[in-house]
Amino acid sequence: MAEKKTRKYMLPEDQIPEAFYNLAADLPVALPPVLHPGTGMPIGPDDLAPLFPMALIAQEVSTEREIEIPEPVRDAYRMYRPSPLIRARGLERALDTPARIYYKYEGVSPAGSHKTNTAIAQAFYNREEGIRRLSTETGAGQWGSALAMACAFFGMVCEVYMVRVSYNQKPYRRGLMEAYGASVYPSPSDRTHAGREILADDPDSPGSLGIAISEAVEVAASQDDVKYSLGSVLNHVLLHQTVIGLEALKQFDMAEDYPDLIVGATGGGSNFSGMAFPFIGRMLRGEQDVNMLAVEPTACPTLTRGPYAYDYGDTARMTPLVKMHTLGHSFVPVGIHAGGLRYHGMAPMVSHLLQLGIIDAVAVQQLDTFSAGVQFARTEGIIPAPESNHAVAVAITEALRCKESGESRAILFNLSGHGHFDIQAYIDYHAGKLVNYQYPEEEIAMALAGLPTVNAVVGD
Ligand SMILES: *Cc1c(COP(=O)(O)O)cnc(C)c1O
């Protein structure tokens, strides 16, 4: 019988998941509590109410295994979901590997990345509770464009604080957000107390995600009709992203296969989690084992070099304290091209899984990620986002390892977005302008010296 050469595993629209999967239901050890930035005591729903709608606060602390996806959200997902699961036959051939490489392609979303999955859900839940305006931050612009689009769908106003260096470097992302109807401000800006304070110190500040978060949070906290929206890190964001892994489970049934290894690039942890959690849940329930590898840049080595400690989510120390792998809230990363991977912290849920030994993490150099991305483009046709290249690089390394050992493993990675707005990065790569960057030990030590003292009391 001739071997089937299926490349794409496509699900019909009615196979879009009906419920998000909540990993908290299956965790062997509960997450450490979230602490109030002023008192250091565990926070309650009321503390978060100025920033988030009640539905999202409930999801943040829920331990229900399944959380129904509202029909208007599923309806918006139908614009681009289910996303394809693709067998990377071209890449496999080029690598001459016995490994079976699969990728879930989230670049099919109109804004170009997986971030649309949570943007749509967040805009919906806010609108349901009567909110008409959302404030947020964006680094490379992926999250800002996703939320701008979602706000347009639900008739809401979107205010975006964009890290200044990206604002200047990525005019097309800014243009996309504006086309969707959002107002975009370079951060630090003079519109907020937090921004003005940074500018007074350093008028040329390139900005950072931590600073932009401070600005967006301040806007929401100080105005009744505005809520804040975060594109990664929080439990409810990771929850919304599980539509990726839930679809992938069904697609692996179609392929009559199952991944041995799941790889994802981690900035705040949402695309990795969205892909991995449904598989981790099956493992924790004793159904089927799987290995997981989170990939980060050596320039922002949160999981591999940051301690597991209580820290703020933002530079101005306005957010609650969460226990996570962190490089310190004052960390200002160098200007690597994977802007979405430059956050100082990591999702508490992902940090917790690393602590429990359920997942592993690895850091890769910038040049290796771009050479992987170029090889991927030349064999599979899709030019990946620089963030996604981190997952591509490790999938290739693992496939080559299989070639050496002769093992035929199934490797699944999340191709979290396309790189159509990141072509300048590829131009720079080919011009030899990109460099590797290893974050110096002294710099990390300096940022960590500013960790809140709560660790002495509540931490370990
Ligand atoms: C934002 C982004 C990431 C990193 O964020 P996570 O929350 O870790 O997923 C990765 N890939 C792309 C394409 C992104 O836009």
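Quick note: residue numbers are just sequence positions, from 1. Indexing begins at 1, ligand by ligand and atom by atom, following the structure's order.
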ask   = In terms of residue, atom name and distance, what is the protein heavy atom nearest to atom 6 (P) of ligand 1?
value = Ser270 N, 3.4 Å
ask   = Can you find an N/O atom of Gly267 closer than 3.5 Å to an N/O atom of ligand 1?
value = yes
ask   = What is the minimum heavy-atom distance between Asn436 and Gln366, and which atoms define it?
value = OD1-N, 3.4 Å
ask   = Got a donor-acceptor contact below 3.5 angstrom from the Arg74 side chain to the Pro17 backbone?
value = yes
message = Polar contacts were defined as any N/O atom of the residue lying under 3.5 Å from an N/O atom of the ligand; does this apply to Leu341 and ligand 1?
response = no
task = Determine whether the side chains of Asp428 and Gln424 contain a donor N or O and an acceptor N or O closer than 3.5 Å.
result = yes
message = Show the atoms of ligand 1 that are less than 4.0 angstrom away from any heavy atom in Gly417.
response = 13 (C)
task = Could you tell me whether Ser416 and ligand 1 have an N or O pair separated by under 3.5 Å?
result = yes
ask   = Tell me, which protein residue and heavy-atom name are nearest atom 4 (C) of ligand 1, and how many Å apart are they?
value = Gly340 O, 3.4 Å
task = Could you say whether the N/O atoms of Ala385 and ligand 1 ever approach to under 3.5 Å?
result = no
query = Does NZ or CZ of Arg87 fall inside the cone over Tyr9's six-membered ring, less than 6.0 Å from its centre and within 45° of the axis?
reply = no
key: Check ion pair Lys115-Glu106 (N to O, under 4.0 angstrom)   = no
Salt bridge present between Arg282 and Asp26 (N-O < 4.0 angstrom) = no
request  = For Ser232, take its heavy atoms, then give the atoms of ligand 1 lying under 4.0 Å from any of them.
outcome  = 6 (P), 7 (O)
inquiry  = If we set the cut-off at 4.0 Å for heavy atoms, which region of Thr266 has an atom near ligand 1: side chain, backbone, both, or neither?
reply    = backbone
query = Where the closest heavy atom to atom 10 (C) of ligand 1 is concerned, which of Arg342, Met275, Gln241, Glu387 has it?
reply = Glu387
key: Structural part of Lys115 in contact with ligand 1, heavy atom criterion under 4.0 angstrom   = side chain
remark   = Separation between NE2 (His329) and CD1 (Ile211), nearest 0.5 Å, reads 11.5 Å
request  = Using the ring of Tyr185 (Phe, Tyr or Trp, six-membered ring only), decide whether Arg191 places NZ or CZ under 6.0 Å from its centre and within 45 degrees of its axis.
outcome  = yes
